[in-house]
Asker: 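For reference, the structure I am asking about is given below.
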Amino acid sequence: MKAVAVFPQGHEVKVIDVPEPRLGSPSQVRVRTLEVGVCGTDKEVVEGKHGKPPEGEPHLIVGHECLGEVVEVGEGVKDLAPGDLVVPRVRRPCPSPDCLPCRSGASDFCVTGQYTERGIQGAHGFAAELFVEDALYLHRVPRELREVAVLTEPLTIAEKALREVAHVQTRMPWGRALPGRAVVLGAGPVGLLGAMALMRAGFQTTVYSRSPKPNPKADMAESLGAPYVSSKQHPVDALVQQRGRADVVYEAAGVASAAFQVLQALAPNGVFVFTGVPESEEGQLDEGGLMKQVVMNNQIMIGTVNAAATDFEAALEDLGRFRAKWPGKVERLITARHRPEDYAEVVRGKQGTAIKDVIVFTPR
């Protein structure tokens, strides 16, 4: 069958022919891949900055944002059947008996770093015509979400972040506050989906990104009802003057210098959520000023990576809500669909489009 793989030694990406996978246990499911999303993590994998192939193999089949259709189930699988649409989770638990998160079913909080992630870290991904997965890691997709369900995995980042923020803010002695203001840093797919999730939760949400208007991402944000402010034209103090201080900042840009500048826009008692994994940057940072700000304002900074089963279920529910609230908008986040043979140029930005690029394995 056809698969897209990266060969790390030569930073080579190509379509290869590999054997079709077969069921290996009663709990497994064989899935036909319909679509695979392309994101910044894939670019880092291709560039050799992140991830690795399975042990002893020269290549890694890429792809971790996936929508598929069940074609065969093991005899022990009761909740899925051929024809069901599914999205798979990405991370698998580490083997350490001392890792309480993994042994508790919360591998997104793994403490050893010995987990595997399909299409990223030590396990083949979903950019192939077929894959096999344990039913435990598959989520059934309502048929009406067929056109947008490939966005489930990037939306889970925001779902986990919102869940964490809600938990953190139970620290307030007066109880849970009503949603206030939010700033989303970055207007890519993770940022725009995050803005939708924050707005759905009741936050007055502003998208803050570098590119001046007009541009497709700004148009999308404002069509949702989220004001778009360009950081190139409006520094952080101007953002605060226009929109007020944010009770939640959702960082989705992956640029450390920009993130710490926007930290200055955080309101007292606010929460700053980091989701990006940037490279090291050299620059000037007022460590003392930032530390004083965080201490004097009872602020919290959290990082969040990967997602749990509950976040995938929440993402699927929210995709349905988004389509009802903003008809046609979720579909517009996917700005191009490509052949597997185009993957290398798409992931390297040579064929990339305005917001979200998707690789199609099984056309409708």
Side-chain angles (χ1 to χ4, degrees), residues 3-9 18-31 33 36 39 41-42 44-46 48-66 68 70 72-80 86-128 130-139 152-154 156-157 159-161 163-164 167 274-275 277 302-315:
V4 180
V6 58
F7 291 75
Q9 285 193 333
V18 296
E20 289 190 5
R22 303 295 178 187
L23 298 184
S25 78
S27 63
Q28 288 186 335
V29 178
R30 193 156 73 121
V31 180
T33 303
V36 172
C39 73
T41 299
D42 297 305
E44 292 175 353
V45 170
V46 166
K49 297 175 181 177
H50 188 55
K52 65 179 183 180
E55 191 68 32
E57 297 198 34
H59 67 271
L60 171 72
I61 296 174
V62 293
H64 60 279
E65 303 174 4
C66 177
V70 174
E72 184 183 4
V73 300
E75 60 184 14
V77 177
K78 306 301 182 186
D79 296 327
L80 292 171
V86 291
V87 292
R89 299 206 299 280
V90 180
R91 183 175 289 189
R92 306 294 172 264
C94 78
S96 172
D98 299 321
C99 181
L100 182 60
C102 285
R103 303 289 73 78
S104 303
S107 60
D108 54 316
F109 287 96
C110 178
V111 297
T112 69
Q114 297 172 15
Y115 54 79
T116 57
E117 290 178 327
R118 297 204 59 166
I120 303 174
Q121 185 74 17
H124 288 309
F126 308 116
L130 295 163
F131 66 88
V132 167
E133 185 54 271
D134 195 285
L136 176 66
Y137 299 108
L138 297 173
H139 297 264
T152 302
E153 194 278 338
T156 64
I157 302 169
E159 299 294 353
K160 180 179 176 181
R163 180 165 57 88
E164 293 293 292
H167 181 72
F274 292 96
T275 75
V277 185
I302 62 174
T304 180
V305 66
N306 203 254
T310 187
D311 304 312
F312 275 79
E313 292 298 324

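Because only heavy atoms are used, hydrogens play no part in the values below, and waters and symmetry mates are left out as well, while side chains stay in.
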Asker: Hey, are the side chains of Pro54 and Leu60 touching, using non-hydrogen atoms and a 4.5 Å cut-off?
Answerer: yes
Asker: With a 4.5 Å heavy-atom cut-off, do Arg103 and Cys94 have their side chains touching?
Answerer: yes
Asker: Do the side chains of Cys66 and Phe131 get nearer than 4.5 Å, heavy atoms only?
Answerer: yes
Asker: A side-chain contact here means heavy atoms from C-beta on lying under 4.5 Å apart; do His64 and Asp42 qualify?
Answerer: yes
Asker: For residues Arg118 and Tyr137, determine if any side-chain heavy atom of one lies less than 4.5 Å from a side-chain heavy atom of the other.
Answerer: no
Asker: Would you check if Asn306 and Glu117 make a side-chain contact, meaning some heavy-atom pair closer than 4.5 Å?
Answerer: yes
Asker: Once the angle between the rings of His59 and Phe7 is folded into 0 to 90°, is it parallel (under 30°), tilted (30 to 60°) or perpendicular (over 60°)?
Answerer: tilted
Asker: Please say which of Cys102, Pro95, Ser96 ends up in a side-chain contact (heavy atoms from CB on, under 4.5 Å) with Thr112.
Answerer: Ser96
Asker: Answer yes or no: is there an ion pair linking Arg91 with Asp108, defined by an N-O contact shorter than 4.0 Å?
Answerer: no
Asker: Do Pro93 and Cys99 touch side chain to side chain, with heavy atoms closer than 4.5 Å?
Answerer: no
Asker: Less than 4.5 Å apart, any side-chain heavy atom of Val70 and any of Arg30?
Answerer: no
Asker: Have a look at Arg163 and tell me which of Thr310, Asp311, Thr304 forms a side-chain hydrogen bond (donor to acceptor under 3.5 Å, both in side chains) with it.
Answerer: Asp311
